[in-house]
Protein chains: 2
Amino acid sequence: MKDITLKQIADTLGISITTVSKALKNYPDVSPKTKNAVLELAKSLQYTPNSFAVNLRTKESKTIGLIIPEVVHHFFSNVINGIIEEAEKSGYLVIILQSNESLELEKKQVELLINKRVDGIIMSLSNESNDDEHIKEIIKREIPFVLFDKISKFINCSKVIIDDQKAAYNAVEHLISKGCKKIAHIRGPVNPQNAIDRFLGYKKALEKHNIPFDYKLVYTCKNVTFEEGKEFAKQIVKNHPDIDGIFVITDLVAVGVLAFFNEQNILVPNQIKIIGFSNWFMSQVITPKLSTVDQPSYEMGVQSFNLLLEEINQKKISLDFIPKTIELETSIIERESTSER
Amino acid sequence: MKDITLKQIADTLGISITTVSKALKNYPDVSPKTKNAVLELAKSLQYTPNSFAVNLRTKESKTIGLIIPEVVHHFFSNVINGIIEEAEKSGYLVIILQSNESLELEKKQVELLINKRVDGIIMSLSNESNDDEHIKEIIKREIPFVLFDKISKFINCSKVIIDDQKAAYNAVEHLISKGCKKIAHIRGPVNPQNAIDRFLGYKKALEKHNIPFDYKLVYTCKNVTFEEGKEFAKQIVKNHPDIDGIFVITDLVAVGVLAFFNEQNILVPNQIKIIGFSNWFMSQVITPKLSTVDQPSYEMGVQSFNLLLEEINQKKISLDFIPKTIELETSIIERESTSER
DNA sequence: ATATTTATCGAAAACGTTTTCGAAATAACC
DNA sequence: GGTTATTTCGAAAACGTTTTCGATAAATAT
């Protein structure tokens with residue numbers, strides 16, 4: 001059961017490898033008769049070109065790499081979905097690697113992909129990551145490169161993002177419009193840009209509506225987990241029993257907050273209103289249903305791939321490619337956790 | 001910014017490509033002096049072998065393919081996680097493709113991976129899939145192949161599974177031990193083996209405890225969604241108000257059931273007890289906390305890859321490989337939804 | 001008729017590596 | 001001294017494709 005090669009087709013047909021190759025690729029300089037003969041034989045033999053040889057010859061593998069903090073995550077798994085499906089439309093396959101939010105591991109994964117010689121890399125930075133050496137290496141080697149969601153402002157490359165600051169601003173303003181006077185913020189880790197921006201949006205909304213900012217009302221997640229949500233909720237009611245609204249960095253943590261309030265029979269939205277971020281599927285399933293900011297995760301995947309593809313194709317022609325940034329729209333989804341009463 | 005090749009190292013050192021290659025691969029027939037020179041230069045030039053050329057020459061790509069019904073799924077995303085991490089330990093990368101529960105798409109994905117000449121394929125069958133042509137093609141081509149979770153009994157290949165029938169039996173017996181007398185089953189689609197086995201386990205447990213089996217108490221999911229869970233819960237209370245226990249094919253659907261009961265103020269576990277399957281993270285977060293069957297998803301990924309690796313290595317030596325089946329343990333996780341009252 | 005265009009083909013180089021096998025040089029032996 | 005082992009190296013083939021470019025034959029034009 002050996003693989004069929006051009007040579008075998010050429011030999012059985014008594015023609016050259018060149019002609020066979022040309023026939024299969026529809027070159028104009030092969031007669032209809034021989035072309036048909038080749039096509040027929042190739043089909044009956046189930047010939048498929050040896051991709052290893054094609055890769056070597058064409059210097060591309062029709063494979064891209066994707067590095068994300070974690071696969072088991074409602075947001076990222078939806079992005080994966082978008083990337084995989086969009087890539088397949090253009091004949092690209094996707095290799096997925098995780099950084100587990102570790103800079104060290106992220107570096108290793110980048111190295112793996114570079115050595116693998118993927119045609120491009122899509123990435124969302126780990127919490128520890130900024131414009132480090134491994135990223136510079138990607139840029140230096142002129143490997144098509146797109147960042148999404150968790151980006152760094154200092155990296156000059158194509159990006160797919162949302163306006164985290166504006167989205168957060170809107171979320172907090174939503175709380176205010178529902179009558180909240182004292183609003184806490186459970187924010188993401190200190191480093192990632194999106195956590196910073198959401199925090200800034202929170203602060204800005206307070207200022208805008210003349211609510212004094214109090215850094216004691218800001219709680220900072222380390223691992224962004226359900227458990228952290230529960231823990232911070234506990235601290236919030238203990239330290240600031242008069243708080244009537246919380247803006248939470250992401251739905252998973254917000255669900256933790258809700259879980260604690262449910263246990264303690266603290267009424268949401270009556271006593272405290274909660275708004276999350278990212279519109280996780282589960283947030284409309286729990287009680288009370290969680291208000292949130294919709295972040296188009298699947299669409300982010302689609303756009304990220306298309307941006308990468310553009311760069312791949314552009315760089316085949318000329319190396320001077322101007323990075324582009326696509327900003328996707330978000331929207332407030334109002335549910336029970338912020339209803340008026 | 002051209003890639004470094006063996007030839008360049010050879011030329012600058014005034015030696016042959018052969019010797020450079022040997023030095024890098026630690027062949028015994030190269031003197032310590034030249035070896036060091038090569039190693040040093042290679043390092044300073046950041047040489048990495050061109051994987052396209054290596055693939056062509058060695059006929060392997062250190063890449064495997066993974067086909068699953070869907071990425072955005074608590075069970076499968078955990079399996080992905082296990083496979084990716086385990087594969088990386090052995091220097092393998094993973095290409096992920098989805099079948100979206102469609103046989104047609106699954107066939108296409110298999111074809112893509114075969115043409116890509118991956119070193120092996122790990123797969124969980126779509127609901128529509130049995131022992132079809134595309135699977136036979138994998139076997140015929142002697143591509144290392146592992147099925148996990150959603151398998152077919154008629155395919156002779158390595159497998160990683162759980163004993164669905166036994167697990168379901170235990171789940172239903174758990175309900176009975178908690179006092180349930182009339183137990184409904186929301187089952188998976190008709191075709192998949194695991195849905196069949198779980199149904200059989202349900203039936204067996206009833207028989208064993210002298211509870212008459214009534215096919216009217218079996219509800220069959222089409223899409224296995226949250227919404228279906230809600231809908232079936234509605235039907236159940238309407239058609240059989242005296243039911244006091246439900247065994248649900250998977251946690252997501254069971255959460256739907258709980259959501260409906262919450263809305264209707266039907267008390268769980270007091271009026272009806274519920275047990276799910278697969279131990280989704282969310283099931284311990286909702287109210288009431290869902291009892292379930294723990295299915296080791298991450299471990300399934302790890303074992304699947306290791307089985308595949310075994311087959312890959314074995315087939316390098318000799319083509320007659322005897323498929324192996326690994327059966328992983330499950331356990332009942334008792335939470336609020338089946339507590340005594 | 002010859003000159004020129006057009007249609008059809010194939011030789012050969014190239015992509016970068018791995019590995020076999022033989023050659024050369026050196027060391028060891030009697 | 002010559003013979004045999006040992007060490008160290010490199011030529012060359014092979015993996016299977018793509019593409020350039022030149023060659024031949026046929027068709028058209030002059």
Side-chain angles (χ1 to χ4, degrees), chain A residues 1-39 41-42 45-63 91 114-119 141 316-317, chain B residues 1-39 41-42 45-63 91 114-119 141 316-317:
Chain A
M1 181 73 205
K2 282 267 296 169
D3 284 331
I4 311 295
T5 66
L6 291 183
K7 183 162 164 33
Q8 291 177 46
I9 297 181
D11 287 352
T12 55
L13 251 45
I15 57 178
S16 77
I17 295 178
T18 307
T19 306
V20 176
S21 174
K22 286 178 177 172
L24 290 170
K25 307 202 80 191
N26 216 21
Y27 272 55
D29 64 340
V30 42
S31 73
K33 204 177 61 178
T34 54
K35 192 204 285 190
N36 284 335
V38 169
L39 255 40
L41 184 59
L45 258 42
Q46 293 193 60
Y47 168 81
T48 57
N50 182 313
S51 64
F52 298 159
V54 176
N55 291 349
L56 177 60
R57 178 58 222 232
T58 62
K59 293 176 180 300
E60 58 177 13
S61 59
K62 293 281 183 179
T63 306
I114 291 180
N115 292 346
K116 184 76 182 179
R117 284 171 159 74
V118 290
D119 297 346
R141 294 197 184 220
K316 283 184 196 166
I317 321 250
Chain B
M1 182 74 205
K2 282 268 295 166
D3 282 332
I4 310 296
T5 66
L6 290 184
K7 182 163 166 33
Q8 291 176 45
I9 297 181
D11 287 351
T12 55
L13 252 44
I15 57 178
S16 76
I17 295 178
T18 306
T19 306
V20 176
S21 174
K22 285 179 177 173
L24 291 169
K25 307 201 78 190
N26 216 21
Y27 272 56
D29 63 340
V30 40
S31 74
K33 205 177 62 181
T34 53
K35 192 204 286 190
N36 284 334
V38 169
L39 255 41
L41 184 59
L45 258 42
Q46 293 193 61
Y47 167 81
T48 57
N50 182 313
S51 64
F52 297 159
V54 176
N55 291 348
L56 177 60
R57 177 60 223 229
T58 63
K59 295 176 180 300
E60 58 176 14
S61 59
K62 293 278 183 183
T63 306
I114 290 180
N115 292 346
K116 184 77 182 177
R117 282 170 161 75
V118 291
D119 296 346
R141 294 199 184 219
K316 283 185 195 164
I317 320 251

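Note on naming: letters A, B, ... go to the chains in the order of the sequence lines (proteins, then strands), and numbering restarts at 1 for each one. Predicted model only: the values in this text are computed from it and were never measured.
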- Query: Just checking, any donor-acceptor pair under 3.5 angstrom between side chains of B/Thr63 and B/Lys116?
  - Reply: no

- May I have the distance from B/Asp3 (atom CG) to C/dA14 (atom C1'), rounded to whole angstrom? 16 Å

- Proximity to the side chain of A/Ala53 - top-ranked nucleotide from D/dC9, D/dT17, D/dT19: D/dT17

- Note on the structure: Distance col, row B/Asn50:CG vs A/Leu56:CG, nearest 0.5 angstrom, shows 6.0 Å

- Item | Closest to side chain of A/Asn50, choosing from C/dT20, D/dT17, C/dG16 | D/dT17

- C/dC9 OP1/OP2 closer than 4.0 Å to side-chain N/O of A/Thr19: no

- Note on the structure: In whole angstroms, the gap separating C1' of D/dA26 from CG of A/Asp29 amounts to 15 Å

- Note on the structure: In whole angstroms, the gap separating C1' of C/dC15 from CZ of A/Arg117 amounts to 11 Å

- Item | B/Lys25 NZ - C/dT17 P separation (whole Å) | 11 Å

- Item | Interatomic distance, B/Gln46 atom CD to B/Asp3 atom CG [nearest 0.5 angstrom] | 11.5 Å

- Note on the structure: In whole angstroms, the gap separating P of C/dT19 from CG of B/Asn26 amounts to 13 Å

- Out of D/dT17, C/dA11, C/dT18, which has the shortest distance to the side chain of A/Ser16? C/dA11

- Check if the side chain of B/Lys22 and the base of D/dG10 share a donor-acceptor pair of N or O atoms closer than 3.5 Å. yes

- Item | Minimum-distance nucleotide to A/Tyr27 side chain [options: C/dT18, D/dT19, D/dT8] | D/dT19

- Item | Which nucleotide in C/dT18, D/dC9, C/dC9 has an atom nearest any side-chain atom of A/Ser31 | C/dC9

- Query: D/dA11 P sits how many Å from B/Ile15 CD1, rounded?
  - Reply: 11 Å

- So which nucleotide from C/dT17, D/dC9, D/dT17 ends up closest to the side chain of B/Val30? D/dC9

- Query: D/dA14 P sits how many Å from A/Ile17 CD1, rounded?
  - Reply: 12 Å

- Walking DNA chain D from its 5' end, the first of B/Leu56 and B/Thr34 to be reached, judged by nearest nucleotide, is B/Thr34

- Query: Just how far is it from atom OG1 of A/Thr19 to atom CG of A/Leu13, taken to the nearest 0.5 Å?
  - Reply: 10.0 Å

- DNA chain D: B/Thr18 or A/Lys7, which has the more 5' nearest nucleotide? B/Thr18

- Query: Looking at side-chain heavy atoms only, is the closest gap between A/Asn55 and A/Arg117 below 4.5 Å?
  - Reply: no

- Task: Considering just the side-chain nitrogens and oxygens of B/Ser21, establish if one lies under 4.0 Å of OP1 or OP2 belonging to C/dT17.
- Result: no

- Which whole-number value in Å describes the distance from B/Lys33 NZ to D/dT7 P? 17 Å

- Just to confirm, is there a sub-4.0 Å distance from OP1 or OP2 of C/dG16 to any side-chain nitrogen or oxygen of A/Lys59? yes

